[in-house]
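Take a look at the structure set out below.
As the structure is a prediction and not an experimental result, all values here were calculated from the model. Sequence lines set the chain letters: A, B, ... in the order given, protein chains first and strands last, and positions in each chain run from 1.
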Amino acid sequence: MSYSDTELLAVVAARQLAGVTSVFAGVGVPLVSAVLAQKTRAPQLVIVVEGGSMGPRMVPGRLPYSTNEMRTAPRAQMLPGITDTFLFAQRGFLDVGFVGGAQIDPYGNLNSSVIGNYERPKVRLPGSGGANDIISLCRRVMVVTMHERRRFVPKVDFVTSPGFLSGGDSRRKAGLVFGTVSRIVTHLGTLAFDPECRRLGLESLHPGVTVQQVQDNTGFELPVPKDVPVTEPPSVEELKTLRSIDPERNFLG
Amino acid sequence: MSYSDTELLAVVAARQLAGVTSVFAGVGVPLVSAVLAQKTRAPQLVIVVEGGSMGPRMVPGRLPYSTNEMRTAPRAQMLPGITDTFLFAQRGFLDVGFVGGAQIDPYGNLNSSVIGNYERPKVRLPGSGGANDIISLCRRVMVVTMHERRRFVPKVDFVTSPGFLSGGDSRRKAGLVFGTVSRIVTHLGTLAFDPECRRLGLESLHPGVTVQQVQDNTGFELPVPKDVPVTEPPSVEELKTLRSIDPERNFLG
Amino acid sequence: MKSADFVEARRRLEAKPQSTGDKLTTLTEAVGRVRDGDHIAIGGCLFSRSPLAALMEVLRQGRRGLTLSRNLMCYEGELFMASKAVDGLMTSWFDIALPWGLSLKLREEVEGGRIRFEEWSHLGLGLRYRAGAMGVPFLPTLTMLGSDLMGVTDTRTMECPFTGETLCLVPALFPEVALLHVHRADRFGNCQIDGYPHMDTDIAKAAAAVIVTAEEIVDEEEIRRQPDRTVIPGLVVDAVVEVPYGSFPHECYGLYEADFAHFEAYTDAVKARGTGAVNDYVERYVHGVSSHEEYLALFGEEVLERQRRCAEELLGPR
Amino acid sequence: MKSADFVEARRRLEAKPQSTGDKLTTLTEAVGRVRDGDHIAIGGCLFSRSPLAALMEVLRQGRRGLTLSRNLMCYEGELFMASKAVDGLMTSWFDIALPWGLSLKLREEVEGGRIRFEEWSHLGLGLRYRAGAMGVPFLPTLTMLGSDLMGVTDTRTMECPFTGETLCLVPALFPEVALLHVHRADRFGNCQIDGYPHMDTDIAKAAAAVIVTAEEIVDEEEIRRQPDRTVIPGLVVDAVVEVPYGSFPHECYGLYEADFAHFEAYTDAVKARGTGAVNDYVERYVHGVSSHEEYLALFGEEVLERQRRCAEELLGPR
C-alpha cells in the first residue's frame with residue numbers, strides 16, 4: 001500500500017507513543033498521530049491539547065484546526081484552563097510532548113518567531129504559542145517535522161523553544177531542570193542526540209531513504225552510526241486507520 | 001426595647017457597613033451583623049466568607065457554625081476555592097473585613113495562637129485561620145469584639161494577625177502596603193487609631209457606658225477626646241430584624 | 001511594554017467606585033469606557049469565545065494608540081492594525097490557524113517596523129495575567145528559561161532562595177481594560193462560562209476595568225441556582241451587555257461553531273489582493289454597519305443557524 | 001516540618017509508574033498505600049467534605065509517625081493524636097467550630113510539648129499547596145508579613161526585583177499522600193466536585209500519591225458528558241474507591257449536612273470525662289468496626305436519612 005510523506009510521518013510519530021500515558025499535541029500531524037496511536041498501540045493514551053482539553057475523543061472528519069476550539073473537546077475528561085494545562089506539565093504530569101518549528105539546529109533548538117534579524121525580520125512567523133512551554137516542561141519532547149534543508153539549519157535565527165541550547169549541560173545550567181528532547185521524527189528518518197555533547201546524529205532511516213538523502217536535506221553535518229536501522233513500513237492497518245481519522249485529508253495533504 | 005451586649009455589638013457593627021460593597025466576615029456576630037446590614041442599610045452588600053462563598057443569602061435559623069459548610073452557601077453568587085477567595089482580597093477587591101482575637105494590643109495587633117510562651121503555651125488557641133490574611137489584605141479591617149480587660153492587653157503574647165505592629169509606619173515597612181485597621185468595635189464603644197502614631201484611643205461610647213467603664217475594661221491607657229460622641233441606641237427595627245436572623249439565638253447568646 | 005505595577009494596580013482599583021449593583025447597559029455605552037492609549041486584554045483564545053462584537057465596537061468608536069494583549073491572537077489583530085488603532089501587540093502567537101497560512105498584515109507591519117510586537121510563551125503570558133489576578137508583582141516559572149524570549153521581554157531570572165535553582169520570573173500584567181465574552185451573566189455581572197475557561201478569569205481579575213458581553217443575560221436566581229458554575233463575580237465587573245452571537249464568526253463553545261468558510265474567504269481575499277483586503281473587511285464589517293445586529297445580518301440567519309447545528313452535532317444538545 | 005523540594009517532588013512523580021487505566025479498588029487496598037512517616041494532606045475543609053472514611057481506615061491500619069496537614073483541622077486531628085499515629089500537625093486553625101469550644105486534646109498535646117504543631121495563615125498554607133501544584137519552589141504573597149507567623153515557619157522575605165517591595169515567599173508543600181473525598185469519579189480517577197472546591201485540586205496536584213473516595217463511581221461517559229465539571233484528572237490519581245457517606249458525620253455539599261448533634265455528644269463527653277473520651281471514641285468508631293459500612297451503622301439509617309433531608313431543605317434537590 002503506497003503512502004505519502006505526511007502519512008509516513010504520522011505513522012512513525014504514532015509508533016513513538018507506544019506505552020506512553022499522555023501526549024501534549026498540537027493540531028495537524030501531531031494530533032493525527034496521537035489519535036492513530038490511541039487506535040493502535042496506546043489505547044489508554046490521554047491526549048492533552050494546550051487550549052485546555054484532556055482526554056478528548058476526536059471526531060473523524062471533524063478534526064480541529066486550532067488547539068482551543070470545540071472540535072478539540074468532544075467527550076474530553078476535563079477542560080482545564082490554558083494556564084493550568086501547562087502547569088500540569090510544569091509539575092511533571094505530562095509524559096510526551098510533540099512540537100515543531102520553522103528552523104531547528106543541531107542542538108534541537110527551535111525557531112518559530114522570525115527569519116532574519118529580530119527587530120526587522122525578513123519573515124515574521126506566528127511565534128511560540130505553547131511550543132516553548134512544552135519543550136521546557138514535559139518529561140520528553142519529540143520534534144515532529146518534514147525534513148527540509150531550509151528547516152535544519154546550523155544556527156537558528158532566534159531560539160523560540162530551547163532544545164539543548166549550546167549542548168553539554170547548558171540546558172540544565174539555564175535552569176531547565178526537567179525534560180529532555182528525546183528525538184526528531186521526520187519523513188526521512190529519526191535523529192537523536194549524543195548523550196554527552198547533545199548534538200544531533202542520524203538514528204534511523206525510513207524505508208527506501210538513503211543516508212545521502214537525509215544529509216542533503218539537512219543544513220549541517222549529521223554523524224551516522226555504523227548500522228543504521230531501517231523503519232518498518234507503515235502497515236495496511238496503520239494506513240487505513242490513519243485515513244479514517246482524516247477522511248477529508250485536511251492534514252494528511 | 002432592651003437588648004443584650006451581643007445584640008448591641010451586632011447592631012453597631014452592622015451600621016459600620018452602610019455604603020460598603022463587600023464584607024469579609026467570619027461566623028458568629030460578624031456574620032449576623034453582615035446579614036443585618038444587608039437587611040437594613042446595605043442592601044447591595046456582598047458577603048464573602050473565607051470557605052469560598054460570595055454573595056450567599058443566609059437562611060434565618062440555619063446560620064452556619066463554620067466558614068465552609070453548606071449553610072454558608074445558600075443561593076450564593078459564586079463559590080470560589082478558599083485560596084482564590086483570599087486572592088480576591090490580595091488583589092484589592094474586598095472592601096471591609098471583620099476579625100477578632102483572644103488578645104488585642106494598643107496597635108491593633110491580634111493574637112489567636114497562644115497565651116503564654118509560644119513553644120510551651122499556657123493555652124493553645126485555634127490559630128489564625130483567615131484572620132491574618134484578612135487583616136493583611138482587605139482594604140479596611142474592623143475588629144469586632146466584646147470589650148474585656150483580659151482581651152485588651154498592653155502587649156499580645158504572639159502577633160497572629162498584624163495591626164499597626166509597633167505603630168508609625170512599621171506596618172508599611174514590613175511590606176504590608178495595603179489595607180488598614182480602621183476601627184475596633186466593641187460592646188462598650190468604638191476605638192480608633194491616632195493617624196500618626198497608630199495607637200488606639202477612645203472614639204465613641206455606646207448608650208449608658210462611661211469612659212471609666214471602658215478604661216476599666218482595657219488593659220492599657222486609652223486617650224479620650226474632649227467630646228466623646230454617644231452611639232444612637234439600637235432601634236426597634238434593628239433589633240427585630242436582628243432577632244429574626246438568629247431566632248434560636250445560637251450566636252446572639 | 002509598560003504595565004502598572006501591583007501597587008499602582010491595586011490603588012487604581014481602590015480609587016474606582018466599586019459597584020455590586022446593576023451593570024446592564026448597551027454595547028455602545030460599555031465600550032465607551034475604553035480610552036485612547038489603553039491596554040486591552042482580550043478574552044477567549046484565537047477564534048474561540050473572542051469578544052468580537054465588543055472589539056468591532058472599539059474600532060467603530062475610533063479609538064487610537066491601543067495596546068492589545070491576547071494569548072493567541074487571531075485576525076482581530078489585523079483589523080486593529082489596518083484601522084491604525086493599535087501601537088503594540090502582546091501575544092504568544094498571531095495567525096488564524098494552520099490551513100490559512102501566515103498573517104500577511106502582521107508580516108507587513110512587523111517587517112516594516114511599524115508596530116511594537118512583544119512575544120511571550122503561551123504559559124508566560126498566562127502567568128502574567130495570573131500574577132495580576134493574584135495581586136502579586138510576579139510569578140516564578142521554569143518556562144522561557146534559556147530561550148531568546150527572555151531577552152526580548154521584561155522577565156528576570158533569580159536564584160531560588162529555597163533551592164538554589166535558577167527561576168524565570170514573569171512580571172504581573174495589569175491591563176486597563178478586559179474585554180470578555182461569556183455564555184451567561186446576570187445584570188450584576190456574575191458570569192458563567194461553558195466548556196473551555198481559557199484565561200478569562202485571570203484577565204478579569206487583573207484588569208482595571210472589565211467589560212463583559214454575554215450570549216444571554218439571565219435572572220440572578222439562575223446564577224444563584226448553580227453558584228459553583230460562576231467563574232467571574234459581579235464584584236469585578238464594570239459593564240455587562242447581552243450580545244447573542246457576540247463571538248461570531250468565531251465560536252462559542254456548545255452554541256455555535258466558527259465559520260471556517262468565512263475565514264477562508266477573508267484569507268483568500270488577502271492572498272489575492274494583499275492587505276488592502278483587510279481594510280475592505282474593516283469598511284464592510286466595522287464601519288459598514290452601525291450595530292452588532294446589522295453586522296450579523298451580513299452573515300445571514302441561515303449561516304448562524306448552520307453554525308449552531310454544527311455545534312450541536314459535535315457536542316450534543318445543551 | 002520538612003517537605004521535598006520541587007525538583008525532588010517532580011523526580012518522585014517521574015519515578016512512579018503513571019497510569020491512565022482503571023484505578024478502582026477497595027478502601028483497604030487504597031489506604032494501604034500510606035506508609036509510616038508519610039505526610040498526609042487532607043482534602044475538604046474543617047467538617048466539609050473531609051475524607052473521614054479514608055482517615056478512619058488509616059487509623060485502623062495502625063500507621064505511625066505521620067504528619068497531617070489541612071487548612072482547617074477538625075476533630076480528626078484529635079483522633080490521630082489519641083491514636084499516637086501522628087508526630088506533627090500543620091494547619092492554620094484547629095478546632096471544631098465556635099459552639100464547641102477549644103480542642104482540649106490539642107491543648108494537652110501542645111501545652112505538654114508532645115506534638116509538633118506548625119501554624120500558617122489560611123492563605124499561607126493554601127499557597128504552599130498551590131506552589132506545589134504548580135511545580136514551583138515558592139509563591140510570593142503579601143500575607144503573613146509582619147506577623148509572628150513568619151518566625152515560626154519556613155517563610156522568607158525578599159525584595160521584589162520588579163518593584164522593590166518586601167514580599168513574603170511561602171515554600172511549596174509536596175505531601176506524600178493526598179486523601180480526598182469527592183462527589184463523583186469514574187474508574188480512571190477523573191473527579192467532579194459540587195459546591196465548594198476547597199483546596200482539593202491543589203492538594204491533588206502537589207501530592208506524590210492521590211487516594212480518592214467518591215460518593216459515587218459513575219460511568220466514564222457521565223464524566224465525559226460534562227468535562228467542564230471535572231476538577232481532578234485521572235492522570236494524577238492513584239486509587240479511587242466508592243464510599244457513600246464517605247465524609248459522614250461531616251458534610252458533603254448538597255448531599256448531607258454535618259451531624260451537629262454528633263459533634264455535641266463528642267465534645268460533651270470530652271468536657272465531662274477529659275481526653276480519655278477521645279480514646280473511647282477511637283475505640284468505638286475506628287477499632288470497634290471493620291469497615292465503613294459498620295461505621296455508618298453506628299449512626300443508623302435514620303440519622304443518615306435525616307441529614308440528607310437537611311441538605312435538600314437547605315440547597316434544594318440536586
Where on [X] is there a heavy atom nearer than 4.5 Å to chain B: the side chain, the backbone, both, or neither?
| X | result |
| --- | --- |
| C168(D) | neither |
| D200(D) | neither |
| L142(D) | both |

### Query
Considering all heavy atoms of both residues, which atom of C45(D) and which atom of I82(B) are nearest to each other, and what is their separation?
SG-CD1, 3.7 Å
## Note on the structure
Residues P74(B) and L315(D): closest non-hydrogen pair is CA-CD2, 3.9 Å
### Query
Does R124(B) use its side chain to pair, donor to acceptor, with the backbone of L102(D) at less than 3.5 Å?
no
### Query
Who in residues 108-124 of chain D is close to chain B, using a strict under-4.5 Å heavy-atom cut-off?
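Result: V110(D), E111(D), G112(D), G113(D), F117(D), E119(D), W120(D), S121(D), H122(D), L123(D), G124(D).
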### Task
Could you point out which residue of F263(D), F260(D), F47(D) forms a ring-ring contact (aromatic ring centres under 6.0 Å, His included) with Y65(B)?
F260(D)
### Task
Applying salt bridge (Lys or Arg N to Asp or Glu O under 4.0 Å), run through E313(D) and R62(B) and close with a yes or a no.
CA-CA 10 Å; E313(D) 271 169 43; R62(B) 299 286 290 274; 3.3 Å; yes
### Query
Could R172(B) and E165(D) be called an ion pair, given the rule that one side-chain N must be under 4.0 Å from one carboxylate O?
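Salt bridge: yes.
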### Query
Is it true that E251(D) and R71(B) have a side-chain N and a carboxylate O under 4.0 angstrom from each other?
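Salt bridge flag = no for R71(B) with E251(D).
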### Message
Which one wins on heavy-atom pair count under 4.5 Å against chain D: F158(B), F86(B), F251(B)?
### Response
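Counting heavy-atom pairs under 4.5 Å, the top option is F158(B).
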### Task
List the steps and the verdict of side-chain contact (heavy atoms from CB on, under 4.5 Å) for R130(D) and D84(B).
CA-CA 10 Å; R130(D) 181 154 296 177; D84(B) 292 314; 2.8 Å; yes
### Task
Establish, from distance only, whether the side-chain atoms of D202(D) and T83(B) form a donor-acceptor pair under 3.5 Å.
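No, no side-chain donor-acceptor pair sits under 3.5 Å.
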### Message
Looking only at the side chains, is there a donor atom on one of Q90(B) and T141(D) sitting less than 3.5 Å from an acceptor on the other?
### Response
yes
### Query
Where do T72(B) and Y196(D) land on the side-chain contact (heavy atoms from CB on, under 4.5 Å) test, with the steps shown first?
CA-CA 10 Å; T72(B) 316; Y196(D) 298 114; 3.2 Å; yes
